[in-house]
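Have a look at the structure below, then the notes.
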Amino acid sequence: MEKRHELDHHPHAAGNERRDFLKGALSLMASTALPAGFATSAFAAATGKPEKTEVKVGFIPLTDCASVIVASKLGFDKKYGITIVPSKEASWAAVRDKLVNGELDASHALYGMIYGVHLGIGGPKKDMAVLMTLNQNGQGITLSNQLKEKGATTGPALAKLIKAEPREYTFAQTFPTGTHAMWLYYWLAAHGVNPLSDVKTIVVPPPQMVANMRVDNMDGYCVGEPWNARAIADGIGFSVATTQQIWPDHPEKVLGTTGEWVKKYPNTARALVAALLDASRYIDEVKNRASVAKLIAEKAYVNAPEAVIAGRFAGAYEDGLGKKWQDPKLMKFFDGGKVNFPYLSDGMWFLTQHKRWGLLKTDPDYLAVAKQINQIAIYKDAAAMARVPLPASDMRSSKLIDGVVWDGKNPAAYAASFKIKA
């Protein structure tokens, strides 16, 4: 095992969340100085050449696929001896199926989808792996103009309307066990609406959300960008909530693959993670956001107007109701390394919500499942290769929109604690 070192840090890191990270001690190299409050491994000796040099990585047309595209187009992959071949997919179900049957080596994926497949919910059961977190924040809940006309422009107002004027209210999410389903359900429930009985929920692939709302197929949806901003630009809906309002700095997409693939190609896995870490660091530099927005807007990738992507990508939000703001909890890809670590507590949270909503009939061994899926050892090796800091703990603590704190310490009790559940 290579010797680990701690690195010195830039001064910009501050705040309570930094307390969970170790303080730096040794400056390894001036050009790789890191934020205060972090520790990292020294640049590791080569862990071995990648077993597979061409790596097919799936993605869905969403702003948060950016690190996959950037790593490939800007050559971060070549630094680690691999060539990333991005593969545009039509739906999360397609991503799931292609990962399971080996058509994709890895993919930009929904956190909860990877966990669901591992446990045999939301698809065929297969051992899965999360190699890293790709981003935090940056998703949203959009409501139709018809609801705006009824005055339902907030969560409480929507809940009041649903009770006052009963009908079949339809909301879309992107995959039954995925992140958007869980954000939508959590947000509705926080406002007293039972997503399983008070409304109807349907599954719609992200790029099809706007078109479906345009023809009145739904009252609202939860999806990633730029498909919330696109609804506003097209004048067919408005933003009632961002997901960072539900859970500030929440985990979102991950780099997912199968457990079998990691065992067969561990060096390739490390190289892939290292390349995406370099890309993530590049994207999070403010000066690069505009050029990245232009790149991913291309037809081969997100296929949306550059302006629709660029605004929220840079944290410039408007809600379609006249409010504009600069969101400090914008979509993050790196944040000094804090975004990318595959925290066990993040994965466990999705399991608690799967249990809450009846997708899991009994409590799993939450921690054991997270340890099986989240490839922390692989990540740490890759972080050393890319000179990325590591947190002091595999768990983290967060407070969600309803004031409830999640820290992973008692997941079964947490899952059972909600008033509104299956």
Side-chain angles (χ1 to χ4, degrees), residues 1-7 13 15-24 34-35 37-42 44 47 109 111-112 114-115 118-119 127-136 179 247-257 259 262 266 269-270 272-274 276-277 280 332-354 363-400 405-415:
M1 176 180 280
E2 71 270 13
K3 187 178 180 182
R4 308 282 187 185
H5 295 279
E6 294 184 356
L7 297 182
N16 292 341
E17 56 195 33
R18 301 298 203 263
R19 295 173 188 168
D20 293 336
F21 290 74
L22 298 176
K23 293 186 176 179
L34 297 167
F38 289 86
T40 190
S41 306
T47 53
Y111 217 133
I114 298 298
Y115 270 66
H118 189 86
L119 293 175
D127 286 350
M128 300 299 286
V130 165
L131 294 172
M132 64 185 290
T133 305
L134 295 178
N135 70 293
Q136 294 175 345
T179 54
W247 177 354
D249 293 336
H250 67 78
E252 184 47 43
K253 304 303 186 300
V254 295
L255 181 61
T257 184
V262 176
R270 293 182 187 98
L272 179 58
V273 173
L276 288 175
L277 284 170
S280 299
K332 300 176 184 177
F333 290 81
F334 189 66
D335 195 18
K338 290 192 294 143
V339 168
N340 310 106
F341 189 83
Y343 293 96
L344 298 176
S345 53
D346 284 359
M348 291 162 66
W349 185 86
F350 288 101
L351 293 179
T352 69
Q353 300 307 296
H354 295 164
D363 285 296
D365 186 333
Y366 292 91
L367 183 58
V369 171
K371 285 181 175 179
Q372 287 170 3
I373 298 174
N374 289 24
Q375 303 295 306
I376 288 177
I378 290 278
Y379 178 86
K380 286 182 176 179
D381 287 341
M385 293 163 66
R387 295 187 175 96
V388 172
L390 297 172
S393 173
D394 296 344
M395 310 283 272
R396 66 182 182 126
S397 177
S398 308
K399 183 184 286 188
L400 278 69
V405 172
W406 164 248
D407 58 13
K409 289 178 182 174
N410 195 339
Y414 177 84

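Excluded from the calculations below are hydrogen atoms, water molecules and symmetry mates; all remaining heavy atoms, backbone and side chain alike, are included.
The closest side-chain heavy-atom distance from Leu344 to Ile376 is below 4.5 Å. Between Thr133 and Tyr379, the closest side-chain pair of non-hydrogen atoms is not below 4.5 Å. At a threshold of 4.5 Å between non-hydrogen side-chain atoms, the residues Val254 and Pro342 do not count as touching. Using a 4.5 Å heavy-atom cutoff, the side chains of Ser398 and Trp349 are not in contact. Two residues are said to be in side-chain contact when any heavy atoms from C-beta on lie closer than 4.5 Å; Leu351 and Leu119 meet this criterion.
Atoms OG and OH, from Ser397 and Tyr343 in turn, are 11.5 Å apart once rounded to the nearest 0.5 Å. From Leu367, atom CG reaches atom CE of Met395 across 6.0 Å, with rounding to the nearest 0.5 Å. We find the NE2-CE distance between His354 and Met348 to be 14.0 Å, quoted to the nearest 0.5 Å. With rounding to the nearest 0.5 angstrom, the CD atom of Glu252 is 5.5 Å from the CG atom of Asn135. Taken from CD in Gln375 to CZ in Arg270, the straight-line distance is 10.5 Å, to the nearest 0.5 Å. Of the inter-residue distances, the one linking Thr257 atom OG1 with Ile114 atom CD1 reads 8.0 Å to the nearest 0.5 angstrom.
The two residues Ser280 and Phe334 come nearest to each other via the heavy atoms O-CB, 3.4 Å. Between Pro411 and Thr352, the shortest heavy-atom contact is O-CG2, 3.7 Å. Summarising the geometry of Ala415 relative to Tyr366, their closest heavy-atom pair is CB-OH, 3.8 Å, with the distance given to 0.1 Å. Shortest non-hydrogen contact noted between Ala269 and Leu131 is CB-CD2, 4.2 Å.
In this structure a side-chain-to-backbone donor-acceptor pair under 3.5 Å is present from Asn340 to Phe333. Judged purely by atom type and a 3.5 angstrom limit, Asp407 uses its side chain to pair as donor or acceptor with the backbone of Lys409.
Residue pairs meeting the salt bridge (charged side-chain N to carboxylate O under 4.0 Å, His left out) criterion with at least one partner in residues 339-349, sequence neighbours excluded, are Asp346-Arg396.
The side chain to side chain donor-acceptor pair (under 3.5 Å) search around His118 returns Gln372, not counting sequence neighbours. Applying the ring pair (Phe, Tyr, Trp, His ring centres under 6.0 Å) test to His250 and every residue at least two apart in sequence or in another chain returns Trp183.
Among Leu277, Asn374, Ile378, the one residue that satisfies the side-chain contact (heavy atoms from CB on, under 4.5 Å) test with Met132 is Leu277.
A donor-acceptor contact closer than 3.5 angstrom is absent between the side chains of Ser345 and Trp406.
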Check against ring-ring contact (aromatic ring centres under 6.0 Å, His included), Tyr115 and Phe350:
CA-CA 8 Å; Tyr115 270 66; Phe350 288 101; 7.3 Å; no
